[in-house]
Structures are given as structure tokens and as C-alpha cells.
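To start, the structure under review is shown below, and the notes come after it.
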Number of protein chains: 2
Amino acid sequence: MTEYGPTPGTAHIVDDDEAIRDALSWLFKSRGIASSAWPSAEAFLADYRPQMRGCLVLDIRMEDMSGPELFDRLRSQGCRMPVIYLTGHGDVPLAVQSLKNGAFDFIEKPCNDNLLADRVAEALALDAEVNQRASQQASVAERLASLTQREREVMDAVLAGKLNKVIAGDLDIAMRTVEVHRARVFEKMGVKSAVELAKLLAGN
Amino acid sequence: MTEYGPTPGTAHIVDDDEAIRDALSWLFKSRGIASSAWPSAEAFLADYRPQMRGCLVLDIRMEDMSGPELFDRLRSQGCRMPVIYLTGHGDVPLAVQSLKNGAFDFIEKPCNDNLLADRVAEALALDAEVNQRASQQASVAERLASLTQREREVMDAVLAGKLNKVIAGDLDIAMRTVEVHRARVFEKMGVKSAVELAKLLAGN
DNA sequence: GGGGAAATTGTGGTTTTCCGCAATACATCC
DNA sequence: GGATGTATTGCGGAAAACCACAATTTCCCC
């Protein structure tokens, strides 16, 4: 029943209690949610790949590396998957701290099966959304990185609403040169106008 | 020591225990934080005004109306002030639910004075920021509301990057008319170009 | 030395944007 | 009826943006 790999939309279960892992796998499967399971934080970390998509269902207390420690390690590796803590030993400060650290939810065991499955489904949807947005932003960043310094200077001036002749004066170059850079910026950024460019960079 | 009114940056203490209110007032005062205190949720609600600025330091358990109930009431009245719950009777589900409902923090009594004062200071800073942003957005919304229907249609097309002659064709009007509406939109929105307009509406 | 990229510039022409000035038509309000 | 606001349109002229075609210079790499 264990699935492995960069499978989109997978609930990754990390718990040292095998009975819990099995029960959760079964629950998720009954809800049409793909899942994979790991017996320890170290095991998950060893297999972690940045392309993994989905969410984490994390126990708090585990031998050696704890849930929050794994969370911190993953975050420092750039992992943005939503994390749901599932624990039988929570207290208020720990719950509050976990949520303020960015956990998606903090649920005490035993818990309502439907509630948990619902929250996992929501976490998966959030991951899909975050991933899509990150993908777009990476594409924009890549195009921005392809600009030469001069092109970038002209782009900034264009985005500040300046006329070509003003930009030319500011940069001490010919207006024709401004036009050339401007056209190159639009081409590289894949837009047709300054408005489109402004909107693209606003993350719209 | 109680201060009252739409004073920017005030910590509003709501607790039915007078000793707590006094202690908190004293603590905040020693940290240069203005505060005001109310003995009940109802008392605060009766005095609430939308112009109030600052944050709330809320007890959870109070006679009649509870902290979370006050929270819900304030939110439904559009109040965006950050809320810090201060409680001696918290449990994990309550803490988690409160934070997921948008509370700024959830702190158990007794607590560290410095930590609480720090969090209140942070909450006040957040409120100032949120308030400033809301103010700007209200100004933009007001200007948007001043546009006639035709002006709005032309604005949407301009923001879509269309040429005046294309807009004219789409709306079945003369190009000169498009120019007139376009100029009116820029004037009402206080911008000089389509780029500025795009940026203004992106919330930049 | 040759090739490629980046920066720069000019010429001439086209398209698009901008706007003063003027006018008409319609609806609403006092 | 008069005033006001909105929508519309035309004319003529100016400014700004856009670009094909062409060219030169500099720097870096093989």
C-alpha cells in the first residue's frame, strides 16, 4: 500500500506507530486520497525530494527526530507542503507555537475520521494552489533573470511611467536605444505592452 | 489610568477580573503602551467604534458574553484589530480553533510579562499596517465608484491591453469617444498612464 | 581571427495616443 | 425652461510609440 515518488496530491504519513500508519492509509484510501507512509522522520527526510507534492500528516513525538524538527528541516530545504500535526500528547503552548510556525492544522488523537480526511483534502488543495503559483512565479523570475542590465534599467523606468524621451535623458542615451531595449524587454517577458508587463510583475 | 476613545495604538483589555486589568494596564504603561480596560465583553461592545485603533487583549471565559463571542461580533462589524487571547483555562482544540479563526495569539496565564508586552507591541504594529493599507484601498475603491459605467468598460479594456481602435470596435463607438472616456478614467483615478493605473489597481 | 552578444545610433515612415475646440442628443433635477 | 451630467462624434494638429533596415564599437570566448 505504500506509494513512493513525486506523486502529486499525496498525503505523506510520518508516524512511528504502524497501527496508526495503517489506519490512516486505509482512511485516506477510502476517501480517494493517495497516501504513503514512513515509520520515522529520518526515513521521510532521506526520501524527500523537492518535487514531492501533497501534504504531511505528522506525529509530534517520535524517537530521535520529532515532528517539529522534521518540519523545520523541511522548511529550511524549501519544502512548502502543508503540515497537519496529529498528536495524542499536545498542550496549548505547543499547539500555538506549531500553528504560528506555519502548520496547517494541529489535531489531537483520537479524532473524527471525517474531520481529518477533510482537512487533508483541504491541505492537498492548498498545496496544488501554492505549487501552481510558485510555478508561475518561477517562470517570471526566469524571464527577469534573462534581461541584461540595461534592459532592466529601461524596464524599471517604463514601469515608473516615464516617457521614452525622459528615460533617454536620464540614462544619457538616444531615444532609439530606449526603444530597442524596451522592445527587447517586452519580447523577453512575453508581453505586448507596458500594462501587460505591470500586471505580470504584480503577480496578477 | 483608563484611557478611552479612538486613540491610535491602544491595547484594549477586556477581562472581568479587575486585578488582571490593573496588572495589565500597569505592565503596558511601563512599556509605553497606551491601554484601556473594560470589565466585560458587553461593555467593550457598547463602546466600540469602527475608528478605534489598536489591539484587543481578551479573556476567554467571562460571564454572559465570552471572548470568542466578542471576537465574532467584532469581526462581523468589520473590526480588524488583532486579538490576543489571554486565558487560564485553555485547551488544545480551543487554542487551535481560535488561531484558525484569525486570532493573533493565544497565551496561557500566568505568562511572561515581557512576552506578552512584546506580542502586544507586535499586534499594534500589525494593526497600524493593516489600517494604513485599508485606508489606501478605501481611497482607490472610492475613486473606482466614481466612474460611470462607460468609463469602467473602457478602463477594463485599457487594462486588458487593447488598442483604442480595438476598444472602439468592441464597444461600437468612435475612437475619439474612447479617448474621452480613457482620459476621464485617468483623471478620476489620479494617474497619468495605463501603467500607473494597472499598478494602482494591483494594490502595489 | 572569427563569431556572438550587448550597447549604441541614425533615417524614414507608420501607427497610436493625446487633446483643444466644437457640437448634438438624452435624461434628470430644480 | 434652464442647468447639469453623461455619452457621443468630428476635425485638425502635435506628440509619442513603434520598427525595418543598416551600421559601428566593445568585450568575451574559442
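In what follows, every chain begins at residue 1, and chains take the letters A, B, ... in the order their sequences are listed.
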Side-chain contact check for B/R176: nearest option of D/dT8, C/dG20, D/dC18 is C/dG20
To the nearest angstrom, the CD-C1' distance between A/Q149 and C/dT8 comes to 15 Å
Taking every heavy atom of B/L58 against every heavy atom of B/G67, the minimum-distance pair comes out as CD1-O, 3.4 Å
Whole-Å distance, A/I167 CD1 to D/dA17 C1', equals 11 Å
Review point. Quick one: is B/K165 getting a side-chain N or O under 4.0 Å of the C/dT15 phosphate, OP1 or OP2?
Key: no
In whole angstroms, the gap separating P of C/dT8 from CG of A/L171 amounts to 8 Å
| query | Could A/R73 and A/F71 be counted as a cation-pi pair, given that NZ or CZ must be under 6.0 Å from the ring centre and within 45° of the axis? | reply | no
A/E187 atom CD is separated from D/dC19 atom C1', nearest whole Å, by 13 Å
Taken to the nearest whole Å, CD/B/E179 to P/D/dA15 is 16 Å
By nearest-nucleotide position on DNA chain D, the 5'-leaning member of A/N164 and B/T177 is B/T177
To the nearest angstrom, the CZ-C1' distance between B/R184 and D/dA7 comes to 11 Å
Between CZ of A/R150 and P of C/dA7 the distance, given in whole Å, is 8 Å
For the pair B/R80 and B/D127, find out whether any cationic side-chain nitrogen is under 4.0 Å from an anionic carboxylate oxygen. no
| task | Identify whether the distance between the nearest side-chain nitrogen and carboxylate oxygen of B/D105 and A/K100 falls below 4.0 Å. | result | yes
Worksheet item: When all nucleic acid strands are considered with a 4.0 Å heavy-atom cut-off, which category describes A/T148: base, sugar-phosphate, or nothing?
Response: sugar-phosphate
To the nearest angstrom, the CD1-C1' distance between A/I173 and C/dG10 comes to 15 Å
Verify the contact: side-chain N or O of A/H181 to OP1 or OP2 of C/dT8, cut-off strictly under 4.0 Å; return yes or no.
-> yes
Per nearest nucleotide of DNA chain C, the residue lying toward the 5' end, B/F186 or A/S146, is A/S146
Assess whether side-chain contact (heavy atoms from CB on, under 4.5 Å) is satisfied between A/E142 and A/S139, documenting all intermediate values. CA-CA 5 Å; A/E142 193 179 331; A/S139 164; 5.5 Å; no
Testing C/dA6, D/dA17, D/dA16 for proximity to the side chain of A/R182, the answer is D/dA17
Among the nucleotides D/dC19, C/dC18, D/dT8, whichever has the atom closest to the side chain of A/A183 is D/dC19
Ranking A/M175 and B/M175 by the position along DNA chain D of their nearest nucleotide, the one closer to 5' is B/M175
